[in-house]
Amino acid sequence: MKDRTSRRSILKGAIAAGAGLALPTRVFAQASALTPRDRAILDIAKREMDRAGNAIWRKDIAGIADFGVHSAIPRFHFANVETGKVQSFLVSHGQGSDPEHDGWLNDFSNTPGSNATSKGSYVTYEWYKGKYGTSVRLGGLDQTNSNALPRYIVMHAAEYARASHIDKWGKLGRSNGCFAMSPEDFNQALWHLSGGRLLYADKLGLG
């Protein structure tokens with residue numbers, strides 16, 4: 001009887017020890033699922049949501065546009081701060097920000113008629129029907145993008161923002177300062193980024 005009891009005790013102890021050893025490995029695997037870039041994107045999303053305060057009213061997902069990388073690289077990130085998930089898509093910048101049309105954004109501008117991209121935080125408003133079909137209206141929250149509404153800076157779909165444009169030209173086409181995405185990807189923006197969420201644009205260079 002004593003032998004059986006001791007064997008049971010040893011077995012229970014081994015199982016408990018094994019579980020204790022396995023737990024940190026499992027936690028570590030979950031924690032390392034995000035890349036350093038994704039962690040940085042989520043941190044920026046949280047920071048800019050806090051900075052925007054009550055100007056935005058839905059704080060689950062933010063759009064982070066990293067214009068510090070080339071237009072051939074997916075640089076528009078949907079950062080879900082609740083789930084810790086980041087999805088990345090192609091996005092065009094304004095022709096006034098890239099006069100050489102080499103795929104790199106050189107300068108931001110808030111000036112009407114500049115056809116340039118503006119940096120800073122935006123709040124996404126409602127859908128509307130425009131030149132490029134269903135689009136998302138944007139309001140500028142900073143001095144660097146305060147003219148977003150009068151400049152008609154919006155999010156919309158465009159053929160020149162497709163991956164096939166990169167296959168042919170090595171870069172995306174340019175907008176008039178709007179955030180243009182491929183029609184397929186833009187459906188994600190309509191469903192997950194409109195209606196009072198944050199969009200933040202800057203030259204972050206996160207890759």
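Just the heavy atoms: all of them, side chains too, but no hydrogens, waters or symmetry mates, feed the values below.
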Ser135 side chain to Gly133 backbone, donor-acceptor under 3.5 Å: yes
Apart from Ile166 itself, members of its ILVMFWY cluster (side-chain separation under 4.5 Å) are Leu90, Leu172
Rounded to the nearest 0.5 Å, how far does NZ of Lys171 lie from NE2 of His165? 8.0 Å
Does any part of the side chain of Val81, heavy atoms only, come nearer than 4.5 Å to the side chain of Ile61, both counted from C-beta? no
If I take atom OG from residue Ser88 and atom CD1 from residue Ile73, how far apart are they, to the nearest 0.5 angstrom? 11.0 Å
What residues form a side-chain hydrogen bond (donor to acceptor under 3.5 Å, both in side chains) with Arg162, not counting sequence neighbours? Glu159, Glu184
Between Arg197 and Gly63, is there a donor-acceptor pair closer than 3.5 Å when you use the side chain of the first and the backbone of the second? no
For Glu82, check side-chain hydrogen bond (donor to acceptor under 3.5 Å, both in side chains) against everything at least two apart and list the hits. none
Please say yes or no: joined through hydrophobic side-chain contacts below 4.5 Å, possibly via intermediate residues, are Leu204 and Phe89 part of one cluster? no
Do side-chain atoms of Asn147 reach the backbone of Thr111 as a donor and acceptor pair under 3.5 angstrom? no
Quick one: are Arg37 and His77 in side-chain contact, heavy atoms under 4.5 Å? yes
Give a yes or no on whether Phe78 and Val91 share a hydrophobic cluster (residues Ile, Leu, Val, Met, Phe, Trp, Tyr; joining criterion: side-chain heavy atoms under 4.5 Å apart). yes
dist Tyr125:OH -> Arg137:CZ (nearest 0.5 Å) comes out at 10.0 Å
Which atom pair, heavy atoms only, marks the closest approach of Met155 to Ala189? CE-CB, 3.7 Å
Measuring only between side-chain heavy atoms, which start at C-beta, is Leu193 closer than 4.5 Å to Phe76? yes
Residues that Arg51 engages under side-chain hydrogen bond (donor to acceptor under 3.5 Å, both in side chains), provided they are two or more places apart: Glu48, Ser121, Asp142
Does Leu206 reach the side chain of Ile44, with side-chain heavy atoms less than 4.5 Å apart? yes
Would you find a donor on one side and an acceptor on the other, under 3.5 Å apart, between the side chain of Lys59 and the backbone of Lys46? no
Heavy-atom closest pair (Gly103 atom, Arg75 atom, distance to 0.1 Å) is O-NH1, 4.3 Å
Verify same cluster id: Leu199, Trp57 (apolar side-chain graph, 4.5 Å): no
Indicate yes or no for a side-chain donor-acceptor contact from Ser182 to the backbone of Ala161 under 3.5 Å, with no hydrogens or angles considered. no
Do Phe179 and Leu198 belong together in a cluster built from hydrophobic side chains that touch within less than 4.5 Å? no
What are the two closest heavy atoms between Ser146 and Pro150, and how far apart are they? O-CD, 4.5 Å
Identify the residue among Asn115, Ile153, Thr117 that makes a side chain to side chain contact (heavy atoms under 4.5 Å, CB included) with Asn176. Asn115
Using atom types as modelled and distance alone, determine if a side-chain donor or acceptor of Asp98 lies under 3.5 Å from a backbone N or O of Asp102. yes
So which atom in Tyr122 and which in Ala201 form the shortest heavy-atom distance, rounded to 0.1 Å? CE1-CB, 4.4 Å
Within 6.0 angstrom of Glu126 CD, more than 12 heavy atoms from elsewhere: yes
Flag the pair Lys203 / Lys119 as yes when at least one side-chain heavy-atom distance between them is below 4.5 Å, and no otherwise. no
Test your reading of the model: is there a side-chain donor-acceptor pair from Arg151 to the backbone of Ala148, 3.5 Å cut-off? no
Same cluster or not: are Val86 and Tyr200 linked, directly or through other Ile, Leu, Val, Met, Phe, Trp or Tyr residues, by side-chain heavy atoms under 4.5 angstrom apart? yes
What's the shortest heavy-atom distance between Ser92 and Gly173, and which atoms? OG-O, 2.9 Å
Starting from Tyr128 and following side-chain heavy-atom contacts under 4.5 Å between hydrophobic residues (I, L, V, M, F, W, Y), which residues can be reached? Val154
Hey, does the side chain of Asn106 reach the backbone of Pro99 with a donor-acceptor pair shorter than 3.5 angstrom? no
Would a distance-only check, ignoring hydrogens and angles, find a side-chain to backbone donor-acceptor pair under 3.5 Å from Ser118 to Ser109? yes
Might you point out which heavy atoms bring Gly120 and Asn145 nearest each other, and give the distance in Å? C-ND2, 3.6 Å
Check: His156 side chain, Phe186 main-chain N or O, donor-acceptor pair, under 3.5 Å: no
Connected to Tyr132, directly or through other members, by ILVMFWY side-chain contacts below 4.5 Å are Tyr160
